[in-house]
Every structure is written in C-alpha cells, then in structure tokens.
Participant: 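Before I ask anything, here is the structure I am working with.
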Amino acid sequence: MYQTTQRAWLESLRQTLNPNDLITDPDRLASFSGDETRDLHHLPEAAAFPRSVAQVSAVLRVCSEHCIPVVPRGGGSGVSGGAAAIHGGLVLSLRHLNRIVVLDARNMTVTVEAGMVTGTLQDRLAEKGLRLPPDPGSRDWCQVGGNLAEAAAGPKSVKYGAFRDYVLNLEVVLADGRVIWTGADVRKFACGYNLTHLILGSEGTLGVITKAVFRLVPTAPESVLLRMGFTTLEAATDMICRVFTSGLTPSEVEIVDRDAIALAQPLCNAPADPDLAAYLWIGFDGREADFLMADAERAADLAESIGCADLLFASDPDQVRRLWTYRHRIGPAVIETTPFRDVDLSFPRAALADVVHMVKEVGRRYGFRTAVFGHAGDGNLHVNVLRDALDEAAWQGPVREGIADIYRRVCAMGGTLSGEHGVGCTLTPYLEEALGSTRLVLMAGIKEVFDPQGILNPGKIVETPI
Ligand SMILES: Cc1cc2nc3c(=O)[nH]c(=O)nc-3n(C[C@H](O)[C@H](O)[C@H](O)COP(=O)(O)OP(=O)(O)OC[C@H]3O[C@@H](n4cnc5c(N)ncnc54)[C@H](O)[C@@H]3O)c2cc1C
C-alpha cells in the first residue's frame, strides 16, 4: 500500500538532499505534473533534484522504506504520459546529473550522465568530429536518460538506427537503492540475459538510469535533401520502397500527408499544390559530396519515373533547412490549431498507403480529423487526432473508440501501437489486446523481480497493485 500521506518520508528526504533540491510547494510542483501529453496533469507530493548517483540511491532507499511512488523525470518531452505522477508520490528529476564523464576518442565511446540534454551532448561530440546519430525532434530539451527509457529514435534512425543501437552499458539505480551496471563498456557482450536492453524502453518502471555508455560514429559533414510531392499515397509508398530496393541508403525518409500540409501552410509562407496527397523528404548524408549528389540524382530519376508532381533539391545548409519547412512546422502548427491526441503507429513500410487510408476512414466513421506525418522510411507515422470543435462527450467517447479501432486495425495489418513514443499511461489500456496476455504476464513477472513493491513509475506499462 502506498503511503504518500505520512510525511516521515519527506523529512528523511530533507536530510538526504540539499535544501533547495526538494520542493513541495504545489505552485512550483505544477511544472512537474506531466509531460507534453495534452490534458494529463497529476500533481506529485514532492519533486527531488539529486546531484549525484549516491543521492539518487539514497532517495530510492527512503522511498522504498516508506513505499512511496517514484516517477523518474528527464526533459518532460514525452508524449505518452510517462513522466506524469498518476499515483502521486515523488518526481525524481535527473536534471543535475548532466555531465560528460569520459569521452574516449580512440575507442569512439562516451560515458554520459543521464540528465544531459541530448542536443547539448550531440553539439559537444560534433566539436570532436564524433556523433551519436539518433535525432529526436525534441533534442533541445529531452535528456539522454529519457531517450533510453522511451527507446526513442528520430528521422535519421532510418539509416543509423535508434538509441538502442548505440548503448553499450548503463548505470542503473534499482528500486531499493542498489546501483548496478547492466553490461560492460564493450561492443560485443554475450554474458547471459541482456539487462541493458531490458532497461531500454522500460520507461522508469524497472530502475533509474544514471549513466550511459554509447558507441559513436564519425560526423557526416555533407548532406543533400530532396522534397517530392505525390498526388497519391500509393505513389509515395512506391517511392519509399523503391529507394531502398534500388540500393540507396537514405539518411531520412519523412512524410507529411495532405491534411497536415493544409494545417502547416499558414506557418510555412510557401504555397502547396492542393492536389498533393503527400510530401516526401529523402535525404542523403556522408563525407563525399559527389557521391551524395549521384545518389540524389538516382532518387530524383526514380521519383520522376513514378510520377512525382513537384521535385525540389537542396544541398547548402540554409537551403536544406528551408526545404524541411513543412515537416518541421507541422508539430507547432497542430499545437497552435487545436488540442490533439498523439498516436504513434509502427508497421511494415510497404503498408504506408493502406495505413493512412485506414486512419482517414476511421476518422470519417467516428467524426474526427487527423494530421499524419513522420518517419515513413521506418514505417512509423505520428497520427495527430485533432479535437477541433468536438465537445467533451465526443472527445471522451467516439474519439477514444476510434483510436482503439485504429490500434486494432494496425495490429491486424502487421503493425503495432508505438514505434518510439512508448506506452506511458496513454497506451496501457490497449496493450493486452495488442500483445496478448502471455507477454503481459511475463512483463509483470520482470517488474516484480526488479520492483517488488511496485513503487517505480506505477501505472505505466504494467498495472501494479496500489
Ligand atoms: C516536439 C516533439 C518532438 C519529438 N520528436 C521525437 C522523435 O523524433 N523521436 C522520438 O522518439 N520521440 C520524440 N518525441 C517524444 C519525446 O521527446 C521522447 O520520448 C523523449 O525520449 C523523452 O525524453 P525526456 O527526457 O523528455 O523524458 P521524459 O518525458 O521526462 O520521460 C519519459 C519517460 O522516461 C522515464 N525517464 C526519464 N528519465 C529517466 C531516467 N533517467 N531513468 C529512468 N527513466 C527515465 C520517465 O519516467 C518517463 O516514463 C518528441 C516530443 C516532442 C514534444
């Protein structure tokens, strides 16, 4: 039974942390009541800001002793409610653990504290000619620990893979305060169960990540980008499949659908042909501009042979930035237009046109509009379900039923519920139908081993008794 009402735990935390590193004032706690998920706010009783692994461990010992829920928090950029304290308790912010511990240029690895902002780490690595490639759109404020806890990715994952493909070892504080390393600082590791990958995507339910060791790759100083418009989703899907089967290795393959184009247009200051079903962006990066140019020409020839309606090309950094406009403005455009729910579908990429048609058909049936965009080359689309003028009854009733229908249908098409945004608390109700009860029983068993009292981020991924 959780015991948030008894205040002895707060007294113990005060003795563990610096005076300014524990807050209990509800006004100040408001900014820790959720993440970027709309309409989801749960005030915790307190928020702690430890400055060392020893302090994280001490905080967890106190919470374990008093059976207090602990919600690890990175940058708060999550979109599935993972950092919301839905059962109250303590929000544990990693923001002060934000240093590079070791940059080993010869072995091309970096050991970094989990609270470091991802974009800051990437900028520091770039100064040394090194790179951790996954590039989430939230890079300016999400943290390395949050990226690992969510198994995050980004546009460049289509060529380079996601965060999970770069992590070699993790320092993790367990629910009772013990500190472990999950692997070793080596590229190959064949010593039993893979605890590193078990922690990835566990969303703070199995332990608190305090350090990560990543392998790195060299920077890719040159890039070219193509933007192409297609009047049918079938042609866009054909292009996506053919760019890979023709032997090209694009660094980005992104899409924005017709409804998303219309939403973004007022912010983009650039006209878009109303007949387009979608824009597709295909990028190439590397060291040799000539090779990239040859790849881009091949992709352009392919696009024209498929009936591309509108083809633009950019190679200097300023042009490249401008060419991304529609893709980069769609997130802010949705936020400015209406409340929305985020649906993060993942499926075999050749099914893209069928999945978008399915989403639109469900929207028509249940009475809502959607903007669809995302990482088409990975078969990972972000469907923003738009509230527009829908009243509360429609938003809570038919819209939720429609979203459940989308999840059911994408699974029937060989896909799944989330490619990179995680389960949090928004997907928990749909998990059993998607994964089956046997897998959920195994997950609950793993949770029980790591966190027998169920204090770590309760109510996320697996239900734990309260
Ligand atoms: C504009 C925008 C663009 C985005 N673009 C992308 C994208 O391209 N790709 C993508 O994958 N996601 C994207 N996201 C989603 C989000 O940024 C990612 O899920 C990100 O990884 C969350 O990191 P965070 O540090 O903000 O974590 P938070 O939101 O703070 O937390 C996320 C989850 O991780 C847990 N957690 C955080 N830190 C730790 C830790 N140290 N140890 C254990 N558990 C921890 C929390 O408890 C929570 O369950 C985007 C979000 C926005 C708002």
Side-chain angles (χ1 to χ4, degrees), residues 31-32 34-38 40 44 47 50 53 56 60 69-86 89-98 112-119 121 134-158 162-164 170-175 199-212 252 254 327-335 340 342 344 346 373-375 378 380 382 384 418-428 450-451 456-461:
S31 37
F32 301 96
D35 55 13
E36 289 289 329
T37 315
R38 306 289 127 178
L40 189 81
V53 180
V56 175
L60 280 162
V70 178
V71 181
R73 183 181 179 88
S77 72
V79 285
S80 54
I86 60 174
L90 180 78
V91 164
L92 177 63
S93 164
L94 276 297
R95 65 154 67 137
H96 292 315
L97 275 74
N98 58 8
V112 61
E113 290 182 328
M116 187 155 195
V117 170
T118 309
L121 172 64
D135 54 342
S138 51
R139 73 185 284 282
D140 291 340
W141 83 105
C142 65
Q143 298 176 3
V144 165
N147 297 150
L148 295 170
E150 288 287 7
K156 287 210 182 285
S157 296
V158 74
F163 282 94
R164 70 166 74 248
L170 293 174
E171 182 187 67
V172 176
V173 183
L174 301 177
I199 296 293
L200 297 179
S202 66
E203 302 184 27
T205 62
L206 300 182
V208 180
I209 302 164
T210 44
K211 288 192 194 83
E252 292 101 347
E254 296 284 302
R327 175 64 184 93
H328 287 172
R329 288 293 168 89
I330 180 59
V334 172
I335 289 170
F340 66 96
D342 173 76
D344 171 43
S346 182
F373 54 95
H375 317 307
D378 275 335
N380 178 205
H382 304 318
N384 283 181
S418 175
E420 55 178 30
H421 289 171
V423 174
C425 54
T426 57
L427 284 191
T428 319
F450 273 82
D451 179 21
L456 285 176
N457 214 356
K460 314 295 168 56
I461 306 183

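Start at 1 and go down the list; that is how both ligands and their atoms are numbered. Since this is a predicted model, take the numbers as computed values, not measurements. All values below come from the heavy atoms of this structure, side chains included, with hydrogens, waters and symmetry mates left out.
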Participant: Indicate yes or no for a side-chain donor-acceptor contact from Asp451 to the backbone of Leu206 under 3.5 Å, with no hydrogens or angles considered.
Facilitator: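 Checked: no pair found.
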Participant: Can we say Lys460 and Glu203 salt-bridge, meaning some charged N sits less than 4.0 Å from an Asp/Glu carboxylate O?
Facilitator: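 The answer is no: the pair does not qualify as a salt bridge.
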Participant: I want to confirm something. Looking only at heavy atoms, which of Gly145, Ala83, Gly207 is nearest to atom 43 (C) of ligand 1?
Facilitator: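 When every heavy atom of Gly145, Ala83, Gly207 is considered, Gly207 comes closest to atom 43 (C) of ligand 1.
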Participant: Under a 4.0 angstrom heavy-atom cut-off, which atoms of ligand 1 come close to Gly82?
Facilitator: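 Answer, ordered by atom number: 47 (O), 48 (C), 49 (O).
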Participant: Would you tell me which option among Gly115, Gly204, Pro72, Ser418 has the nearest heavy-atom contact to atom 47 (O) of ligand 1?
Facilitator: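 Nearest heavy atom to atom 47 (O) of ligand 1 lies in Pro72.
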Participant: So is Ala153 close enough to ligand 1, meaning a heavy atom under 4.0 angstrom away?
Facilitator: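 So Ala153 counts as touching ligand 1.
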Participant: Can a non-hydrogen atom of Gly422 be found less than 4.0 Å from any atom of ligand 1?
Facilitator: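 In this structure, Gly422 fails to qualify as a contact of ligand 1 - no heavy atom is under 4.0 Å.
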Participant: My understanding is that we take every heavy atom of each candidate and find the minimum distance to atom 8 (O) of ligand 1. Doing that for Gly419, Ala114, Gly137, which one comes out nearest?
Facilitator: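 Ranked by closest heavy atom to atom 8 (O) of ligand 1, first place is Gly137.
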Participant: Taking only heavy atoms of Ser77, which atoms of ligand 1 are found under 4.0 Å from at least one of them?
Facilitator: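 Those of ligand 1 that fall under 4.0 Å from Ser77 are 15 (C), 16 (C), 17 (O), 20 (C), 22 (C), 23 (O), 24 (P), 26 (O), 29 (O), 51 (C), 52 (C), 53 (C).
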Participant: Look at atom 24 (P) of ligand 1 and say which protein heavy atom is nearest, naming residue and atom and giving the distance to 0.1 Å.
Facilitator: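 So the nearest neighbour among protein heavy atoms is Gly75 N, 3.4 Å.
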Participant: Could you check whether any heavy atom of His421 sits closer than 4.0 Å to an atom of ligand 1, since that is the contact criterion I want to use?
Facilitator: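 Right, His421 reaches ligand 1.
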Participant: Please work out which of Ser138, Ser93, Pro134 has its closest non-hydrogen atom nearest to atom 14 (N) of ligand 1.
Facilitator: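 Looking at heavy atoms only, Ser138 sits closest to atom 14 (N) of ligand 1.
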